[in-house]
K.L.:
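I have a structure here, written as structure tokens, and I will follow up with some questions on it.
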Amino acid sequence: VEDIVVAATEPLKFTVRGLISSATGGRRDKDMQYCYVNGRPVDMPRAVMKAVNDTFRQCSAKTYPVAILDFEIPKDAVDINVTPDKRSIFLQHANVVGDLIAKVLTERLVS
């Protein structure tokens, strides 16, 4: 299990803290990936989770990571009113968030 911390200020100020399985500890399904935004359980936008999964799969081609990720993002950058249950969100700069997470995971898992 790897601790990860990602912090950025431009173009979006955010912090991600969490745990992710090592390259040898993945699963065949994505059923053990839990994300929280400002304390609320959510289904992260596809761009963010694709970055996590694609980076992990560079180390382990047949598995997905077990992940618990807690995002702290300014409330004006997140729209939780996409679905009635408020699990699906719209995140400004989701691609930037995904790219930064992929960069940190690459440093931790691939190298």
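Positions are given from 1, in the same order as the sequence printed here. For the numbers below, each heavy atom of this structure counts, side chains included, while hydrogens, waters and symmetry mates do not.
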K.L.:
Answer whether the closest heavy-atom distance between the side chains of Leu100 and Phe14 falls below 4.5 Å.
P.N.:
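Answer yes - side chains close enough.
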K.L.:
Is there a side-chain contact between Phe71 and Val42 in this structure, where contact means two heavy atoms from C-beta onward sitting under 4.5 Å apart?
P.N.:
no
K.L.:
I want to check something: taking the side chain as every heavy atom from C-beta on, are Leu91 and Met44 in contact at a cut-off of under 4.5 Å?
P.N.:
yes
K.L.:
Who are the salt bridge (Lys or Arg N to Asp or Glu O under 4.0 Å) partners of Asp43, not counting sequence neighbours?
P.N.:
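Asp43 satisfies salt bridge (Lys or Arg N to Asp or Glu O under 4.0 Å) with Arg87 once adjacent residues are dropped.
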K.L.:
Could Asp31 and Arg27 be called an ion pair, given the rule that one side-chain N must be under 4.0 Å from one carboxylate O?
P.N.:
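A salt bridge is present here (some side-chain N lies under 4.0 Å from a carboxylate O).
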K.L.:
Is there a path of hydrophobic side-chain contacts, each under 4.5 Å between heavy atoms, that joins Val6 and Val78?
P.N.:
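Looking at the clustering, Val78 is in the same group as Val6.
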K.L.:
Using the salt bridge (charged side-chain N to carboxylate O under 4.0 Å, His left out) rule, collect all pairs that involve residues 71-80, keeping only residues at least two apart or in two chains.
P.N.:
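Listed once each, the pairs are Arg17-Glu72.
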K.L.:
If every non-hydrogen atom of Pro65 is compared with every non-hydrogen atom of Val52, which pair is closest and at what distance?
P.N.:
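Scanning both residues, the minimum pair turns out to be CG-CG1, 3.9 Å.
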K.L.:
Honestly curious: do Met32 and Phe56 fall in one hydrophobic cluster under the side-chain, below-4.5 Å linking rule?
P.N.:
no
K.L.:
Hey, quick one: are Tyr36 and Ile20 part of the same hydrophobic cluster, counting side-chain heavy atoms closer than 4.5 Å, chains of contacts allowed?
P.N.:
no
K.L.:
Write down the atom of Gly98, the atom of Ala51, and the distance for their closest heavy-atom approach.
P.N.:
O-CB, 3.2 Å
K.L.:
For the CG atom of Asp29 and the OG1 atom of Thr63, what is their distance to the nearest 0.5 Å?
P.N.:
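So the CG of Asp29 and the OG1 of Thr63 are separated by 11.0 Å.
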K.L.:
State, to 0.1 Å, how close Thr55 and Ala102 come at their nearest heavy-atom pair, and which atoms those are.
P.N.:
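Reported closest heavy-atom pair: OG1-CB, 3.3 Å.
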K.L.:
Determine whether Ile101 and Val16 make a side-chain contact, defined as any pair of heavy atoms from C-beta on separated by less than 4.5 Å.
P.N.:
yes
K.L.:
For Cys59 and Ala23, work out which heavy atoms get closest and say how close.
P.N.:
CB-CB, 3.5 Å
K.L.:
Would you say that Leu19 contacts Ile4 through its side chain, given a criterion of any heavy-atom pair below 4.5 Å between the two side chains?
P.N.:
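Side-chain contact under 4.5 Å: no.
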K.L.:
Using the ring of Tyr64 (Phe, Tyr or Trp, six-membered ring only), decide whether Arg57 places NZ or CZ under 6.0 Å from its centre and within 45 degrees of its axis.
P.N.:
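Yes, a cation-pi geometry holds between Arg57 and Tyr64.
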